[in-house]
Amino acid sequence: MTEATTPTNFIRQIVAADKASGKHAGKVITRFPPEPNGYLHLGHAKSICLNFGIARDYAGTCNLRFDDTNPAREDIEFVEAIREDVRWLGLEWAEQRHASDYFEVFYRCALKLIADGKAYVCDLDAEEVRAYRGTLTEPGRNSPYRERTVAENLDLFQRMRAGEFEDGARTLRAKIDMASGNINLRDPAIYRIRKQAHQNTGDAWPIYPMYDYAHCISDAVEGITHSLCTLEFEDHRPLYDWCLDQINLPAHPELAESIVAAGLSYAPSRPQQIEFARGNLDFTVMSKRKLMALVQDRLVDGWDDPRMPTLTGARRRGFPAAAIRLFWERAGISKQNSVIEYGVLEGCVREVLDATAARRMGVINPLRLVLQNLADDHIEVLDFPNHPKDEAFGRRNVQFSRELWIERDDFLEEPIKGFHRLVPGGEVRLRGAGIIRCDEVVKSATGEVIELRCTLDADTRPGGSGADRKVKGTIHWVDARSAVAAEVRLYDRLFDVADPDDDTDGKTYRDHLNPGSRRIIRAWLEAGLAGAARESTWQFERLGYFVADRHDHAAAAPVFNRVVTLRDTWVKPAK
RNA sequence: UGGGGCGUCGCCAAGUGGUAAGGCACCAGGUUUUGAUCCUGGCAUUCGCAGGUUCGAAUCCUGCCGCCCCAGCCA
């Protein structure tokens with residue numbers, strides 16, 4: 001899309017330097033490792049764009065890995081949803097893997113750690129572990145089980161694996177340093193007992209590895225060279241390194257026999273974890289918990305509600321995948337916690353859609369307009385370009401007759417300063433049809449304007465003798481006789497404050513839901529729009545970009561979502 | 001009071017001792033049958049603050065200040 005300058009950031013510098021120095025034999029392999037326990041959102045898209053982008057730009061590859069080490073939270077339905085979202089974003093993974101593909105490897109590595117005196121089985125329960133761990137400012141104390149013999153640990157761990165013990169009865173812990181200032185190093189649990197069926201391995205395992213232990217080994221197994229994650233894992237890096245250094249996977253092929261036996265490629269690496277700041281957006285919430293609550297409490301219409309920051313929501317809203325990619329490219333990568341203005345995203349959407357969306361006319365808030373100097377049966381067909389700058393979009397026919405719909409906002413009985421549109425006795429140009437003059441304003445009994453009676457100066461249409469005549473404004477219209485009725489959903493930001501997560505004033509994100517975030521209206525559209533393909537995006541001139549709803553749109557009952565309005569620089573005078 | 005990070009324009013973000021990139025936003029012009037798009041120009045004497053080193057500091061040193069993360073058998 002937009003050929004921006006090649007982004008430069010600290011991660012790319014590290015990757016470029018490693019490649020130049022021949023580290024990892026010059027290879028670059030990254031991975032996007034979601035836990036299949038929810039839908040992907042715009043924040044995930046940042047990680048996806050980063051990981052896949054680096055792989056692409058450094059002649060490397062990127063894997064999609066499901067980090068499924070906690071069967072209690074995960075579900076197979078999310079696996080397919082995540083795959084679809086990543087594909088929709090326009091990215092292709094080299095290999096799809098699951099952390100659960102490596103359960104046997106994790107197990108053998110644990111056996112090695114135990115044999116090397118680096119891990120032990122601990123019988124403390126969760127509460128006791130917490131008590132022994134100490135606090136942020138006080139060191140912890142050694143577990144009474146810390147000095148068990150290798151033989152005893154091996155026996156106990158094998159029995160854990162065999163399913164002899166109840167959930168929570170014991171854990172396998174790394175033997176590191178209970179006095180470390182870094183709490184992650186105070187003998188962290190690396191295996192817990194969970195007799196729960198796993199969506200990928202069924203009942204094969206009664207024990208499951210913890211994130212810190214499984215993630216680094218998974219990276220090494222897949223030959224990942226640069227393991228990119230968010231800032232909160234900085235404290236975990238010493239543990240990531242500790243595990244890999246203790247295990248030294250590349251030097252012990254026997255640990256990974258199950259991988260090879262399963263027919264998976266295996267070229268282990270010694271990966272480097274690098275952390276970057278999450279991507280935050282204002283006027284939205286991104287935490288899985290809050291998004292889940294919005295859906296469950298029916299504050300939105302589901303995970304793919306067009307107001308949701310989920311990728312499936314963005315898709316249904318009509319945000320092009322290219323716009324999301326452009327957005328994160330524009331936002332950049334750094335280690336500073338930051339909040340990007342929602343307007344930047346909207347700008348990216350407009351930028352992509354301006355170049356890719358064909359133009360059409362539609363009237364969203366209709367006012368009847370009658371051209372009195374045209375015959376009752378006057379019908380003609382006007383020729384319109386589909387795009388003002390790109391002839392490749394071709395042209396189309398638009399029907400024009402005596403009765404039209406125009407936008408109610410384009411008429412003002414009592415004009416305000418700077419108003420360029422139609423006023424009583426005034427003139428305005430009807431897009432592509434010529435200049436009209438408003439002769440008469442018809443009102444209902446209650447005083448509401450219900451019809452405008454005008455006369456058309458047909459010489460002023462394109463190609464006509466008076467085509468160059470200047471009038472201040474040009475408005476869009478739809479032929480009343482041929483227009484199709486459509487449901488149009490007008491969306492706005494879900495929250496009406498920049499930081500809905502801020503609850504210091506006692507209010508929560510729920511108190512800041514924007515009541516006008518969705519308005520459903522009836523509109524009149526150019527006839528051809530009924531046949532629009534689902535998910536096709538159009539610019540309705542002067543109104544914004546609209547997408548034919550992915551699920552609800554049908555030729556017989558058209559449904560369009562407003563993706564975003566056009567930029568509006570007309571500063572209305574304060575009244 | 002422990003450990004780990006981060007402070008450069010309204011919002012992002014380059015910068016790695018040689019005299020503040022870029023994008024978005026904004027402002028001012030121009031083009032325009034979309035108040036859109038597009039084009040041109042403007043927009044940090046200063047880099048959280050205070051000292052110090054140096055011919056020279058956003059970059060190095062010292063001390064403050066502010067913000068974020070960490071005490072799951074979650075990821």
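Protein chains get the first letters and strands the later ones, always in sequence-line order, with residue 1 at the start of each. Note that the coordinates shown come from a computational prediction; the quantities given were computed from them, not determined experimentally.
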For this session: Flag this pair as yes if the NZ/CZ of A:Arg141 is under 6.0 angstrom from the six-membered ring centre of A:Tyr132 and inside a 45 degree cone about the axis; otherwise no.
Result: yes
Please tabulate the protein-to-nucleotide N/O contacts below 3.5 Å involving nucleotides 6-8 of chain B, giving atom names and distances.
from: B:U8; atom 1: OP2; to: A:Gln336; atom 2: OE1; distance (Å): 2.8

Exercise. So which nucleotide from B:U33, B:A75, B:G35 ends up closest to the side chain of A:Asp568?
Worked result: B:G35
Seminar exercise, completed: If pairing means Watson-Crick or G-U wobble with both distances under 3.5 Å, then the partner of B:A75 is none
Exercise. Distance from A:Tyr120 atom OH to A:Leu156 atom CG, nearest 0.5 Å?
Worked result: 13.0 Å
For this session: Just call it for A:Leu136: base, sugar-phosphate, or nothing, with non-hydrogen atoms closer than 4.0 Å on any strand.
Result: base
For this session: Scan A:Phe233 against the nucleic acid and name what it touches under 4.0 Å (heavy atoms): base, sugar-phosphate only, or nothing.
Result: base
Exercise. Is the phosphate of B:A36, meaning OP1 or OP2, less than 4.0 Å from a side-chain N or O of A:Thr569?
Worked result: yes
Exercise. With a non-hydrogen cut-off below 4.0 angstrom, is A:Arg173 in contact with a base, only sugar-phosphate, or nothing?
Worked result: nothing
For this session: Describe the nucleic acid contact of A:His236 in one word from base, sugar-phosphate, nothing, applying a heavy-atom distance below 4.0 Å.
Result: base
Seminar exercise, completed: The glycosidic conformation of B:G51, counting syn as within 90° of 0 and anti otherwise, is anti
Exercise. What do you reckon, is CG of A:Asp468 surrounded by more than 12 foreign heavy atoms closer than 6.0 Å?
Worked result: no
Exercise. With respect to the side chain of A:Arg130, which nucleotide from B:C12, B:G72, B:A75 is positioned closest?
Worked result: B:G72
Exercise. Looking across every strand, which nucleic acid part, if any, lies under 4.0 Å from A:Phe276 by heavy atom: base, sugar-phosphate, or nothing?
Worked result: nothing
Exercise. Between the base of B:G3 and the side chain of A:Asp235, is there any donor-acceptor pair under 3.5 Å?
Worked result: yes
For this session: Output the residues of residues 539-547 of chain A in contact with RNA chain B, where contact means a heavy atom of the residue under 4.0 Å from an atom of the strand; sort by number or write none.
Result: A:Gln539, A:Glu541, A:Arg542
Exercise. Between the base of B:U34 and the side chain of A:Arg359, is there a donor-acceptor distance below 3.5 Å?
Worked result: yes
Exercise. B:C60 pairs with which nucleotide, Watson-Crick or G-U wobble, both distances below 3.5 Å?
Worked result: B:G52
Problem set entry | From B:C73, B:U33, B:C12, nucleotide with atom closest to A:Thr474 side chain | B:U33
Exercise. Which nucleotide in the set B:U1, B:C12, B:U33 lies at the smallest distance from any side-chain heavy atom of A:Thr137?
Worked result: B:U1
Exercise. Does the ring of A:Tyr107 carry A:Arg161 above it, NZ/CZ under 6.0 angstrom from centre and within 45° of its axis?
Worked result: yes
For this session: Look at all strands and tell whether A:Ser334 reaches a base, only sugar-phosphate, or nothing, counting heavy atoms closer than 4.0 Å.
Result: sugar-phosphate
Exercise. Are A:Glu407 and A:Asn365 close enough that a side-chain donor and a side-chain acceptor fall under 3.5 Å?
Worked result: no
Exercise. Which nucleotide in the list B:U33, B:G72, B:C73 gets nearest to the side chain of A:Asp125?
Worked result: B:C73
Seminar exercise, completed: Winner on side-chain proximity to A:Pro388, out of B:U34, B:G5, B:C74, is B:U34
For this session: Ignoring the backbone of A:Glu35, work out which of B:G5, B:A75, B:C73 is nearest its side chain.
Result: B:A75
Exercise. Is there a Watson-Crick or G-U wobble partner for B:C38 with both distances under 3.5 Å, and which nucleotide is it?
Worked result: B:G30
Could you list the protein-to-nucleotides 23-25 of chain B atom pairs, N/O on both sides, closer than 3.5 Å?
from: B:G23; atom 1: O2'; to: A:Arg330; atom 2: NE; distance (Å): 3.4

Problem set entry | Base-pairing assignment for B:C67 (Watson-Crick or G-U wobble, both under 3.5 Å) | B:G5
Exercise. If you round to the nearest 0.5 Å, how far is CZ of A:Phe106 from CD1 of A:Ile217?
Worked result: 6.0 Å
For this session: Could you work out the separation of B:U45 and B:U33 based on their P atoms and round it to a whole Å?
Result: 41 Å
Problem set entry | Which nucleotide in B:A13, B:A75, B:U33 has an atom nearest any side-chain atom of A:Thr69 | B:A75
